[in-house]
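Notes follow the structure.
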Amino acid sequence: MSVTVRVPAKVNVQLGVGGLRRDGFHDLANVFFAVALGDEVTATAAAPGAGTTLTCTGPDAGQVPLDDSNLAARAARLLAAHHGIEPDVHLHIAKDIPVAGGMAGGSADGAAALVACDALWALDTPQETLLALAAELGSDVPFALLGGVALGRGRGEILESLPVTGTFHWVFAVADGGLSTPAVFHECDRLREAAGTGSADTDVPTPDADPALLAALADGDPAALAAALTNDLQSAALSLRPALAATLAAGTQAGAIGALVSGSGPTCAFLTKDAEAAEAVAAALTASGTCRTARATHGPVPGAAVRTR
Ligand code: C5P
């Protein structure tokens, strides 16, 4: 018996980063946006005592850890422990989301594994409980369950769904090699210290969602959304990976109406006026030699959901 769950990647259309908290996290005003680029996680029943096993296929499969640190395996064990059952399951990840790319691919797999195992084991766990378990796994995991567009507060796990009209068209330029999320947050703190503003949560004002950005989403206005895109981690990602400046410039030159680093990077996200423009920008970016590959997609799309069982 098997259950396959499809789960979206995310881009942050606003990533407001507050100061460093005493627990090592940063308070965020994080507007998550789920896009059609996604992974599939299949949970297959395993014999009693088999434990949790993992395989992965896809272009970046070689970079996915298949040990206990994998968020999908951790999710299966966490859900089983919550219900007092054994985590006997084989998980297969069909990976299309860039690894360590700033698109929450690992978090997506964690969310997908929660939903897949919940269905496989017929647990019927309430959504509220799944969201709480997801928050234990990582700051971006709850959003992958929810999908759509949502404002994340706290470290990103306190979510409020946001109204959106229509579909927005995106291009993602995938870089060679990933960036470590903790390293990018650390670089953000270092740049703030170097600028003399301080980096602690007592130095940096708590960020808030930008009303112009929320209105652009609600109105379905790509030009207004493009003008409001912001990422407080962008200067840190550019500091660690200066070549990303050329990627951002190439996409803008090719006709994107908005450009920013996705989350902690190094994937760059480009907003376009329609689907046709997205295909043209993706082709131009691929030809530019400033990224490994570029993908046209759209959103918002729903969160982790069972596709087949
Ligand atoms: O929650 P998650 O495991 O995805 O976070 C990975 C790391 O990213 C954290 O250990 C922390 O260094 C950094 N982070 C942060 N503030 C957040 C989210 C993540 O500093 N709000």
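In each ligand, atom 1 is the first atom listed, and ligand 1 is the first ligand listed.
- Cluster partners of L244, by chain and number: V171, L238, L248, V261, F270, V281, L285. The rule joins Ile, Leu, Val, Met, Phe, Trp and Tyr whenever side-chain heavy atoms lie under 4.5 Å apart.
- Under the 4.5 Å side-chain criterion, counting only non-hydrogen atoms from C-beta, N12 is not in contact with F143.
- Contact check for L146 versus F32: no side-chain heavy atoms found under the 4.5 Å cut-off.
- At a threshold of 4.5 Å between non-hydrogen side-chain atoms, the residues F185 and H26 count as touching.
- Residue-level contacts of ligand 1 at the 4.0 Å heavy-atom threshold are G24, F25, H26, L28, G138, S139, R155, T181, P182, F185.
- Judged by distance alone, the side chains of H90 and S2 never bring a donor and an acceptor atom under 3.5 Å apart.
- Donor-acceptor pairing under 3.5 Å is recorded for the side chains of T55 and H92.
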